[in-house]
Protein chains: 2
Amino acid sequence: MKDFSNTENCPVRNVLDRLSDKWTTLVILVLGEQGKMRFNELHKNIGDVSEKMLTVSLRKLEADGLIARQVFPVIPPRVEYQLTDLGKDFLPLIHRISDWAHANMQQILTNRSRFKR
Amino acid sequence: MKDFSNTENCPVRNVLDRLSDKWTTLVILVLGEQGKMRFNELHKNIGDVSEKMLTVSLRKLEADGLIARQVFPVIPPRVEYQLTDLGKDFLPLIHRISDWAHANMQQILTNRSRFKR
DNA sequence: CAGGATCCCCTCTGATACTG
DNA sequence: CAGTATCAGAGGGGATCCTG
């Protein structure tokens, strides 16, 4: 059987650790819908994310090669983010999860509310 | 555009909050492969999870209705866990992520190692 | 405008010990 | 066997202030 037990050796863990980030998934979804975006556009679209966490999330996604960061050497600074090919390849997976979530949330919420111990 | 901004109202967040749990995904994968399992069987299969966290994970999955918990009133106690229909419906999504992760991990690790700021 | 740096809280998590 | 209870440490995450 496959070994899922530690993060470094397990590809699933590696990917899930990104998914598990509170914001990275949303960043991918938003960039998937809107295409190229600037920092503050992302900030507005995602809503209640702090600037710090948005920055951290963007760095992780950039490090993994899921998004590309393009800096324009102008004043005031201009930085644009967009999905890479790898990011675009990953996007459908998130959409499937999103679709499943919408389709089954009501059931899950009902289950959760009935669950008492 | 959809509102992803807060956890209670957002189905995607609700589902991702489960995926993001360090162990719940592994529990689903293992139960998907092995079928019905007892607590200690799960514990051995998953490896480095603590008993406490395994219990917490199982409760969350049970509350959401992704797994079923069957207690046998015997001594010593016997408890069996298995995926519900909802859980089985969810399983392919995790497999897709797992497959994608295996296919792309090398690229991601390479990207990550090259990324310096 | 796009973030880096700090401070701090608070939850998640693990270790240990105990129980029906 | 299958948990529960408790405690302590680490780290995620937000608020605020500052800079090229």
Side-chain angles (χ1 to χ4, degrees), chain A residues 4-8 10 13-14 16-27 30-31 34 36-63 67-82 115-117, chain B residues 4-8 10 13-14 16-27 30-31 34 36-63 67-82 115-117:
Chain A
F4 298 113
S5 58
N6 82 359
T7 307
E8 297 86 78
C10 175
R13 287 279 185 90
N14 262 288
L16 283 177
D17 274 4
R18 283 298 177 268
L19 278 180
S20 70
D21 270 48
K22 196 171 176 181
W23 307 109
T24 53
T25 311
L26 297 180
V27 169
V30 170
L31 283 179
Q34 309 285 327
K36 206 171 285 189
M37 293 181 81
R38 301 181 62 177
F39 185 86
N40 276 342
E41 290 183 280
L42 281 166
H43 197 200
K44 284 173 196 165
N45 263 274
I46 295 184
D48 60 348
V49 65
S50 68
E51 294 183 354
K52 171 186 166 181
M53 294 320 296
L54 180 55
T55 301
V56 170
S57 301
L58 289 169
R59 289 297 166 278
K60 286 182 184 174
L61 289 171
E62 190 192 357
I67 67 172
R69 179 175 183 269
Q70 187 178 8
V71 182
F72 298 86
V74 296
I75 295 176
R78 177 182 187 86
V79 180
E80 288 181 349
Y81 296 91
Q82 60 184 317
F115 185 73
K116 304 291 179 201
R117 303 196 79 223
Chain B
F4 298 113
S5 58
N6 82 1
T7 306
E8 298 87 79
C10 176
R13 286 278 186 91
N14 263 286
L16 283 176
D17 275 4
R18 285 296 177 270
L19 278 179
S20 69
D21 270 47
K22 197 171 176 182
W23 306 110
T24 53
T25 311
L26 297 181
V27 169
V30 170
L31 283 179
Q34 310 285 328
K36 206 170 285 189
M37 293 182 82
R38 302 180 63 176
F39 185 85
N40 276 342
E41 291 182 281
L42 281 165
H43 195 199
K44 285 173 195 163
N45 264 275
I46 295 183
D48 60 348
V49 65
S50 67
E51 293 184 354
K52 173 184 169 183
M53 293 319 298
L54 180 56
T55 300
V56 170
S57 301
L58 289 170
R59 289 296 168 279
K60 287 182 185 173
L61 289 170
E62 189 192 358
I67 67 172
R69 178 175 184 270
Q70 187 177 9
V71 182
F72 298 86
V74 296
I75 295 176
R78 177 181 187 88
V79 180
E80 288 181 348
Y81 296 93
Q82 60 184 318
F115 185 73
K116 304 292 177 199
R117 303 197 81 222

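Every chain is numbered from 1, with letters handed out A, B, ... down the list of sequences.
Where B/Phe39 and B/Lys52 each meet DNA chain D at their nearest nucleotide, the meeting point lying more 5' is that of B/Phe39. Toward the 5′ end of DNA chain D lies the nearest nucleotide of B/Val79, the other residue of the pair B/Val79 and A/Lys60 mapping further downstream. Each of A/Arg59 and B/Glu51 was assigned the nucleotide of DNA chain C with the nearest heavy atom; the assignment lying further toward the 5' end belongs to A/Arg59.
Between the P atom of C/dT13 and the CG atom of A/Asp17 lies a distance of 11 Å, rounded to the nearest Å. Rounded to whole Å, the distance from CG on B/Asp21 to P on C/dT11 is 15 Å. One interatomic measurement links the two molecules: NE2 of A/His43 to C1' of D/dA15, which rounds to 12 Å at whole-angstrom precision. Atom pair A/Ile46:CD1 and C/dA2:C1' shows a separation of 15 Å (rounding to whole Å applied). Going from atom CZ of A/Phe72 over to atom C1' of D/dG20 covers 18 Å, rounded to whole Å. What separates CE of A/Met53 from C1' of D/dG11 is a distance of 11 Å, to the nearest Å. Put simply, CG on B/Leu54 is 10 Å from C1' on D/dG3, counting in whole angstrom units. Look at CD on B/Glu41: it is 12 Å from C1' on D/dC1, rounded to the nearest Å.
Phosphate contact (OP1/OP2 of C/dC1, side-chain N/O of A/Arg38, threshold under 4.0 Å): absent. Taking side-chain N and O atoms only, B/Lys22 has a distance below 4.0 Å to OP1 or OP2 of C/dG14. Applying the 4.0 Å criterion to OP1 and OP2 of C/dC12, one finds that B/Trp23 has every side-chain N and O outside that range.
Residue-level contact check: A/Tyr81 touches the backbone only, with heavy atoms under 4.0 Å from sugar-phosphate atoms and none from bases.
In this structure, the separation between NE2 on A/His43 and CG on A/Leu54 is 6.5 Å, given to the nearest 0.5 Å.
Residue B/Glu80 is tested with B/Arg38, B/Arg69, B/Glu41 for a side-chain contact (heavy atoms from CB on, under 4.5 Å); the sole match is B/Arg38.
No side-chain heavy atom of A/Val49 sits under 4.5 Å from any side-chain heavy atom of A/Val27. At a threshold of 4.5 Å between non-hydrogen side-chain atoms, the residues B/Ile67 and B/Tyr81 count as touching. Counting heavy atoms from C-beta outward, B/Leu31 and B/Leu42 have side chains that approach closer than 4.5 Å.
Closest approach to the B/Arg69 side chain among D/dG3, C/dT13, C/dC1 is made by D/dG3 (side chain taken as heavy atoms from C-beta onward).
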